[in-house]
Amino acid sequence: MADILVYALHYEGAFNKNSLGAVSEGAKLASALGGEVHAVVLGDGATDELCAQLGHYGASKVYRVPGPEGLAQPVVDAMAQLVAAHGFSYALFGGGLLGFEIGAGLAARLGAGVAMEVTAVRAQEGKLIAERPILGDSAISLVSYRSDVGIVIGRLNAFEIAVAGEHDAAVEEVAVEFSGFSTRARMVARGEQRGEDVDIEGAEVLIAGGRGLGKAESFELCSELAKAFGSASAVAATRAVVDAGWYPYAGQIGQTGKTVAPKLYFAAGISGAIQHKVGMQASENIVAINKDANAPIFEFSDLGIVGDLNKIMPKLTAALNARRLGGER
Ligand SMILES: Cc1cc2nc3c(=O)[nH]c(=O)nc-3n(C[C@H](O)[C@H](O)[C@H](O)COP(=O)(O)OP(=O)(O)OC[C@H]3O[C@@H](n4cnc5c(N)ncnc54)[C@H](O)[C@@H]3O)c2cc1C
């Protein structure tokens, strides 16, 4: 028998999708291991009614911990205390930045084994086995645990939400004594992530911008070109520019972003690193502009243009617009 503890993040009266996926996956797994899934919820906005809803996704019990929500260390304190008190065999996280931070912190605190970027979990001979893609997603490694507690951190949204029924979870309030260092950070503000409207997975034409654009404002060149291709197009990005804050994460292609397969993938100022390639190599047609004739992206492009994107992209956009307007006349 093995019980699983899951952290559930909430904001403005609702649990986030990723957390509900983790609770659902934890419930499936716990039942295969002959145990139960319990959840831990922090924060003032966590009412008993809200916590009880996690029962609909398979949690039999929810520990409601008064304390700050949305910060990693207080959750580590709470989960470490719950593991010590109830002997959970596994802790499961849905991924995302907070899930990674809490999972890693809990692993360090408990001296527990941890598998990150997990895309699937299963039970085998009474133990949990985690599947983790490796080598640019070209192979899967299977992870099992030697430690008393095993920690699983999923890839963002890897676990599907499954409604188990309408049964409410039992809610228990638990007081946790937070470590001094856990409460030194405080939440100053929360906001919506930019890019809610960026849909790169459904687009037929993707104009992807990289560091070669030089500055955030130059993404306008990509937007103009995407517009010239019509409504089934969208703008995407590399991690380098997402990390630089030039474009929202929702538009990132690659190993730690999205996998896409549009009819046309157009790379503007992208070197073609392996971590980017794994997210777009299934595109039907790959066109790249790069001023470096030896850029790796040309090795897997159907058409390569060696030159300065600042000169070429406006011309391409103008030519497409002229052709479209010519056709409409
Ligand atoms: C664990 C891990 C995960 C990662 N996950 C991802 C991921 O999901 N997605 C991802 O994209 N990356 C990912 N990366 C980062 C990846 O390794 C590369 O650093 C990144 O893809 C490079 O982005 P880039 O091509 O925009 O920038 P660069 O590599 O800096 O390339 C910029 C290119 O622009 C060209 N250029 C410059 N000026 C011009 C101009 N005026 N006209 C035309 N061309 C020009 C240059 O010649 C160069 O080839 C990951 C890395 C690690 C370690």
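Scope of the values below: all heavy atoms of this structure, side chains included, with no hydrogens, waters or symmetry mates.
- The CE atom of Met280 sits 12.0 Å away from atom CZ of Phe266, with the distance rounded to the nearest 0.5 Å.
- Residues satisfying the ring-ring contact (aromatic ring centres under 6.0 Å, His included) test with Tyr7, not counting sequence neighbours, are none.
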Exercise. Go through the steps to decide whether Val41 and Leu54 satisfy the test side chain to side chain contact (heavy atoms under 4.5 Å, CB included), and finish with yes or no.
Key: CA-CA 10 Å; Val41 177; Leu54 290 175; 3.9 Å; yes
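- Side-chain polar atoms of Thr317 and Glu224 form no donor-acceptor pair below 3.5 angstrom.
- Residues Leu92 and Leu82 do not share a hydrophobic cluster, defined by chaining ILVMFWY side chains whose heavy atoms lie under 4.5 Å apart.
- The aromatic rings of Tyr265 and His276 are tilted relative to each other, their planes meeting at an angle between 30° and 60°.
- Under the 4.5 Å side-chain heavy-atom criterion for grouping Ile, Leu, Val, Met, Phe, Trp and Tyr, Leu5 is connected to Leu42 within one hydrophobic cluster.
- Here the side chain of Thr119 pairs no donor or acceptor atom with the backbone of Ala158 at under 3.5 angstrom.
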Self-check item: CA sep, side-chain torsions, deciding dist, call: Met313, Glu220, side chain to side chain contact (heavy atoms under 4.5 Å, CB included)
Solution: CA-CA 10 Å; Met313 289 181 78; Glu220 195 55 30; over 6 Å; no
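- Within a 6.0 Å sphere centred on NZ of Lys17, other residues, nucleotides and ligands contribute 12 heavy atoms or fewer.
- Listed here is the closest heavy atom pair of Pro74 and Pro68: CG-CG, 3.7 Å.
- Distance CG/Asp243 to CD/Gln252: 6.5 Å, rounded to 0.5 Å.
- Looking only at distances, a side-chain donor or acceptor of Gln81 sits under 3.5 Å from a matching main-chain atom of Ala175.
- Formation of a donor-acceptor pair under 3.5 Å by the Tyr145 side chain with backbone atoms of Tyr90 is not found in this model.
- If you take OG on Ser144 and CD1 on Ile129, they are separated by 5.0 Å, rounding to the nearest 0.5 Å.
- Here the side chains of Leu320 and Phe229 are in contact, with some heavy-atom distance below 4.5 Å.
- We find that Lys61 and Glu172 are joined by a salt bridge, their nearest charged nitrogen and carboxylate oxygen being less than 4.0 Å apart.
- Note that NZ of Lys311 is 10.5 Å distant from NZ of Lys291, once rounded to the nearest 0.5 Å.
- Looking at heavy atoms from C-beta onward, Phe93 lies in side-chain contact with Met79 at the 4.5 angstrom threshold.
- Using a 4.5 Å heavy-atom cutoff, the side chains of Ser233 and Lys227 are not in contact.
- No donor-acceptor pair under 3.5 Å is formed between the side chain of Asn310 and the backbone N or O of Ile312.
- Between Phe178 and Asp77, the shortest heavy-atom distance links the atoms CA-OD2, 3.3 Å.
- Formation of a donor-acceptor pair under 3.5 Å by the Ser19 side chain with backbone atoms of Ala8 is not found in this model.
- Note that CD of Glu117 and OG1 of Thr256 are 7.0 Å apart. Values are rounded to the nearest 0.5 Å.
- Remark: Asp44 CG to Glu69 CD distance equals 9.5 Å, nearest 0.5 Å.
- Using a distance-only test at 3.5 Å, with no hydrogens or angles considered, a donor-acceptor pair links the side chain of Arg132 to the main chain of Met116.
- Under a hydrophobic clustering in which Ile, Leu, Val, Met, Phe, Trp and Tyr are joined whenever their side-chain heavy atoms come within less than 4.5 Å, directly or via other members, Leu98 and Phe181 fall into different clusters.
- Using a distance-only test at 3.5 Å, with no hydrogens or angles considered, a donor-acceptor pair links the side chain of Asp3 to the main chain of Glu36.
- By the 4.5 Å heavy-atom criterion applied to side chains, Leu206 and Ile253 are counted as neighbours.
- Residues Ile207 and Ile297 are members of one and the same hydrophobic cluster, defined by side-chain heavy-atom contacts under 4.5 angstrom among Ile, Leu, Val, Met, Phe, Trp and Tyr.
- A distance-only check finds no donor-acceptor pair linking the side chain of Ser179 to the backbone of Ser182 [under 3.5 Å].
- When all heavy atoms of Glu25 and Phe159 are compared, the closest pair comes out as CG-CD2, 3.5 Å.
- Side-chain contact between Leu50 and Phe15: present, with at least one pair of heavy atoms (C-beta onward) separated by less than 4.5 Å.
- Tyr63 and His86 have their aromatic ring centers within a separation under 6.0 angstrom.
- Shortest non-hydrogen contact noted between Arg190 and Gly70 is NH1-CA, 4.2 Å.
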Practice problem: Test Arg122 against Glu131 for salt bridge (Lys or Arg N to Asp or Glu O under 4.0 Å), laying out the working first. | Solution: CA-CA 8 Å; Arg122 60 188 153 84; Glu131 294 187 10; 3.3 Å; yes
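- Shown are Val241, Thr238, Leu309; of these, the side chain to side chain contact (heavy atoms under 4.5 Å, CB included) with Leu213 is made only by Leu309.
- Residues Pro262 and Val205 form no side-chain contact, since every pair of their non-hydrogen atoms from C-beta on lies 4.5 Å or further apart.
- Enclosure of atom CG in Asn321 by more than 12 non-hydrogen atoms of other residues, nucleotides or ligands within 6.0 angstrom is indicated.
- If you chain together hydrophobic residues whose side chains sit under 4.5 Å apart, Val121 and Leu142 never meet in one group.
- Between Phe300 and Gln281 there is no side-chain heavy-atom pair separated by less than 4.5 Å.
- The minimum heavy-atom distance linking Glu173 with Pro66 is given by the pair OE2-CG, 3.6 Å.
- Checked by atom type, the side-chain pair Asn290/Asp292 shows no donor-acceptor distance below 3.5 Å.
- When every heavy atom of Cys51 is checked against every heavy atom of Ala169, the shortest pair comes out as O-CB, 4.4 Å.
- Between Asp48 and Arg64 the shortest side-chain heavy-atom distance falls below 4.5 Å.
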Practice problem: Starting from the C-alpha separation in whole Å, work towards a yes-or-no answer on side chain to side chain contact (heavy atoms under 4.5 Å, CB included) for Val37 and Tyr57. | Solution: CA-CA 10 Å; Val37 66; Tyr57 304 91; over 6 Å; no
